[in-house]
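Note sheet for the following structure.
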There are 2 protein chains.
Amino acid sequence: MALKNLEVACDYFLNDPDSIFSPLSEEEKKDLFANHVCTVYKKGEIIFKEGDKPTGLICLANGKVKIFKEGVGGREQIVRMASPLGFIGYRALFAGQNYSGSALALEDSIVCILEKEALFKILKNNAEITLALMKKMADELGISNTRTVSLTQKHIRGRLAESLLLLVDTYGLEEDGRTIRAYLSREDLANLSNMTTSNAIRTLSTFASEKLISLEGRKISILDMKKLERVSDMG
Amino acid sequence: MALKNLEVACDYFLNDPDSIFSPLSEEEKKDLFANHVCTVYKKGEIIFKEGDKPTGLICLANGKVKIFKEGVGGREQIVRMASPLGFIGYRALFAGQNYSGSALALEDSIVCILEKEALFKILKNNAEITLALMKKMADELGISNTRTVSLTQKHIRGRLAESLLLLVDTYGLEEDGRTIRAYLSREDLANLSNMTTSNAIRTLSTFASEKLISLEGRKISILDMKKLERVSDMG
DNA sequence: ATAAAAAAATGTTTTATAACACATTATCCC
DNA sequence: GGGATAATGTGTTATAAAACATTTTTTTAT
C-alpha cells in the first residue's frame with residue numbers, strides 16, 4: 001500500500017464537500033486531524049472483535065469490510081458490508097457500548113480512526129453533523145429491519161438473489177457493466193444470505209444454469225438483472 | 001379514557017427530569033408544546049401505515065403498540081414492541097423517509113406527537129438532545145441486528161422463549177411477580193417469533209407441559225425463568 | 001514441483017417447520 | 001340469547017433446507 005495513500009486517507013472525511021464533516025471550521029478540522037490514526041489492514045485481518053471497546057469513529061477510506069455476528073453454535077451472520085467512504089462500528093460508539101459484532105477486512109483496507117473524545121467534543125457543538133450521522137444510522141436501521149424480514153421469510157433463491165443485488169448496490173459493477181466488483185468466497189456469500197455454504201454453491205450453479213448470472217471462480221456477472229430482481233422479490 | 005390523562009400525556013416528555021427533553025429551556029419547551037397533538041387510539045387501531053409520511057415525533061404516553069412489517073405474501077413480522085414513555089416511528093422521521101413499517105395499538109393507547117418542523121428547529125440547536133436520540137437509535141439498531149441473528153438461527157423453541165423474555169423485558173410482570181404484563185394473541189406471538197400461529201400454540205403448550213410457563217388464555221406466567229433463559233440461549 | 005490445505009461442487013439422508021385440514025372453544029354483536 | 005365470527009387447539013402431510021458424505025478443483029506453502 002503506497003504511503004501516499006495512507007497520508008491522504010483521512011482527507012476525504014475532513015475536507016471533501018460531500019463529507020458530513022465539511023461544515024466544520026478549519027480549527028475543528030485541525031482538532032479532529034490531530035486526534036486521528038490511519039491504519040492499513042491486510043486482507044483477512046480483524047479490525048475489531050465482538051466485545052472490544054470502540055476508540056473512535058472508524059472511517060473506511062479504501063477496501064471492503066464485512067461486519068458480522070457470531071450466532072448459534074458459532075454460525076456467522078454477516079450484518080453489513082462496508083464500502084469506502086463509509087463508517088464502521090459507529091453504532092456501538094454512539095450507543096456507548098462495546099462492539100456487538102466483528103469487522104474483518106475482505107481486501108487490503110485503509111481505515112482512519114477519529115478519536116472518540118475529540119469527536120464528541122465537536123459533535124456537542126454541531127447538531128447539524130450529529131443529525132447527519134443520525135440519518136445514516138436511521139437508514140441503516142431501516143435496512144436492518146428489512147433484512148430481518150427478508151432473511152427470515154424469503155426462500156433460499158430469494159435470499160441469495162437479494163445478496164447479489166446488495167453487493168451490486170454496495171460495490172458496483174466492473175467496467176464491463178455486469179461483473180460484481182466484489183469477490184467473496186461462497187462461504188461469505190452463504191453467511192450473508194443465511195444459508196449453508198453448500199446451498200449457496202448449489203443455488204449459484206442453478207442461477208448460472210438459468211442464465212441469470214455467469215460464474216468464473218469468485219467472479220460473478222449479472223446476465224439478467226430484471227429476472228434476478230424478480231427472483232429476489234418473489235421470496 | 002379520562003380527559004385528564006390526555007391533557008397530561010405530553011407532560012412527561014417535556015417536563016420529567018428523566019426525559020431527553022429536560023435540558024431544554026422553558027421557551028423551547030413552550031414552543032414544542034405549542035406544536036404538539038395528543039391522540040387516543042383504541043385497541044386495534046392503526047397509528048401509522050407503511051408508506052405514510054411522518055408528521056412528527058410520536059411519543060407513547062400510555063398503552064402498548066406493535067411495529068410490524070409486511071413480508072413475503074403479506075406475512076407479518078413484528079419488528080418491535082413499544083412501551084410507554086418510548087418513541088415510535090422516529091427512524092423514518094430521522095431518515096427523512098416514509099414509514100417502512102406500520103404501528104398498531106394493542107391496547108387503548110395515548111400518543112403525543114411533537115410536530116416535525118418545531119422539533120427539528122430545536123434539535124438543530126441542541127446537539128445534546130440529538131445525541132440522546134441517537135443513542136436510542138443506536139441501541140435499537142443493536143437489538144435489530146441481534147434479533148436478525150436470533151430469528152434466523154434459533155429453532156422454534158428458542159425463538160418463542162426469546163419473545164417471552166422480550167415481553168417481560170418490555171412490559172414487566174404483574175404484582176404476582178410471574179405473569180407477563182402483556183396479553184398478546186397467539187398470532188401476534190407467532191409474528192413476533194417468526195413462526196406460524198399453529199407452531200406458537202403448540203410450542204406454548206409444550207412449554208406449559210414442561211412447567212416452564214403456565215397458560216390461562218392470553219395470560220402467560222413464567223414458572224421457571226432460568227430454564228426459559230436457557231431454552232432461549234440454546235437456540 | 002509436489003504435498004498439504006482450503007475451497008468448491010455434488011449427491012443423499014434427515015429433520016425442522018410450514019402447510020393443510022378439521023375440531024373446539026371463546027368473543028362479538030344484532 | 002343465539003348465531004356468526006374469530007381465536008385456539010391438535011393431528012397429518014409435504015417440503016425446504018440443514019446435515020452429512022465424498023469427490024474434485026484451486027490455492028498455498030514447502
Side-chain angles (χ1 to χ4, degrees), chain A residues 42-44 66 71-77 104 106-107 149-163 182-210 213-220 231 234-235, chain B residues 42-45 66 71-77 104 106-108 149-163 182-210 213-220 231 234-235:
Chain A
K42 289 206 114 36
K43 178 176 170 170
K66 70 169 172 180
V72 178
R75 191 170 144 202
E76 173 178 322
Q77 174 65 52
L104 183 143
L106 290 173
E107 303 180 350
V149 177
S150 291
L151 290 179
T152 55
Q153 297 195 355
K154 284 186 183 176
H155 285 179
I156 277 202
R157 288 169 57 90
R159 267 146 44 208
L160 185 62
E162 180 172 305
S163 289
Y183 300 83
L184 304 198
S185 68
R186 305 293 197 253
E187 191 180 0
D188 278 337
L189 229 34
N191 294 339
L192 185 62
S193 316
N194 180 36
M195 63 186 64
T196 56
T197 307
S198 295
N199 276 329
I201 290 166
R202 228 187 292 268
T203 310
L204 278 177
S205 303
T206 311
F207 283 177
S209 76
E210 292 170 347
I213 62 172
S214 76
L215 292 170
E216 229 186 296
R218 294 190 176 189
K219 181 175 151 185
I220 302 175
V231 171
M234 296 306 293
Chain B
K42 289 204 115 32
K43 179 176 169 171
E45 282 183 344
K66 69 169 173 182
V72 177
R75 192 171 144 200
E76 172 178 323
Q77 174 64 52
L104 182 143
L106 290 174
E107 304 179 350
D108 294 354
V149 176
S150 292
L151 290 178
T152 54
Q153 297 194 357
K154 284 187 183 176
H155 286 180
I156 277 201
R157 289 170 57 88
R159 273 157 26 217
L160 185 62
E162 180 172 306
S163 289
Y183 300 82
L184 304 198
S185 68
R186 304 292 196 255
E187 191 180 359
D188 278 337
L189 229 34
N191 293 340
L192 185 62
S193 315
N194 179 36
M195 63 186 63
T196 56
T197 307
S198 295
N199 276 328
I201 291 167
R202 229 186 292 267
T203 310
L204 278 178
S205 302
T206 311
F207 283 177
S209 75
E210 292 169 347
I213 61 173
S214 76
L215 291 170
E216 227 185 298
R218 294 190 176 190
K219 181 175 151 186
I220 302 174
V231 171
M234 296 305 294

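Sequence lines set the chain letters: A, B, ... in the order given, protein chains first and strands last, and positions in each chain run from 1.
The backbone N or O of A:Asn191 lies less than 3.5 Å from a partner atom in the side chain of A:Gln77, making a donor-acceptor pair. Side-chain N or O atoms of A:Arg159 include one that pairs as donor or acceptor with a backbone N or O of A:Asn194 at under 3.5 Å.
Straight-line distance from the CG atom of A:Asn191 to the P atom of D:dA17: 17 Å, rounded to whole Å. The CD-C1' distance, from B:Gln153 to D:dA19, rounds to 15 Å in whole Å. Atom CD1 in A:Ile201 sits about 13 Å away from atom C1' in C:dG11, given to the nearest Å. C:dA18 atom P lies 10 Å from atom NE2 of A:His155, rounded to whole Å. Regarding B:Tyr183, its OH atom lies at a distance of 18 Å from the C1' atom of C:dT27, rounded to whole Å. Rounded to a whole Å, the CG atom of A:Leu204 is 11 Å from the C1' atom of C:dA8. Rounded to a whole Å, the CG atom of A:Asp188 is 16 Å from the P atom of C:dA6. Taking atom CZ of residue A:Arg75 and atom C1' of nucleotide D:dA19, one finds them 12 Å apart after rounding to whole Å.
With distances taken from any side-chain atom of B:Ser185 to the nucleotides C:dA8, C:dT17, D:dT8, the minimum falls on D:dT8. Here D:dG9 is the nucleotide among C:dT17, D:dG9, C:dA7 with the atom lying nearest to any side-chain atom of B:Arg186.
The shortest distance between the side-chain N/O atoms of A:Arg218 and the OP1/OP2 oxygens of C:dA8 is below 4.0 Å. Under 4.0 angstrom from either OP1 or OP2 of C:dA18 there lies at least one side-chain N or O belonging to B:Thr196. The phosphate of C:dC20 has neither OP1 nor OP2 within less than 4.0 Å of any side-chain N or O from B:Ser198. Of the side-chain N and O atoms in B:Arg202, none sit less than 4.0 angstrom from OP1 or OP2 of D:dT10.
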Item to check | side chain to side chain contact (heavy atoms under 4.5 Å, CB included) evaluation trace for A:Ile220 with A:Phe207 | outcome: CA-CA 11 Å; A:Ile220 302 175; A:Phe207 283 177; over 6 Å; no
Checklist entry - Under the side chain to side chain contact (heavy atoms under 4.5 Å, CB included) criterion, do B:Met195 and B:Leu189 qualify, and how do the steps go? => result CA-CA 9 Å; B:Met195 63 186 63; B:Leu189 229 34; over 6 Å; no
Next on the checklist: Would B:Leu184 and B:Lys66 count as a side chain to side chain contact (heavy atoms under 4.5 Å, CB included) here? Give the steps.
Outcome noted: CA-CA 10 Å; B:Leu184 304 198; B:Lys66 69 169 173 182; over 6 Å; no
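Each of A:Asn194 and B:Leu184 has a nearest nucleotide on DNA chain D; the 5'-most of these lies closest to B:Leu184. If you find the closest nucleotide of DNA chain C to A:Leu215 and to B:Lys43, the one lying nearer the 5' end belongs to A:Leu215.
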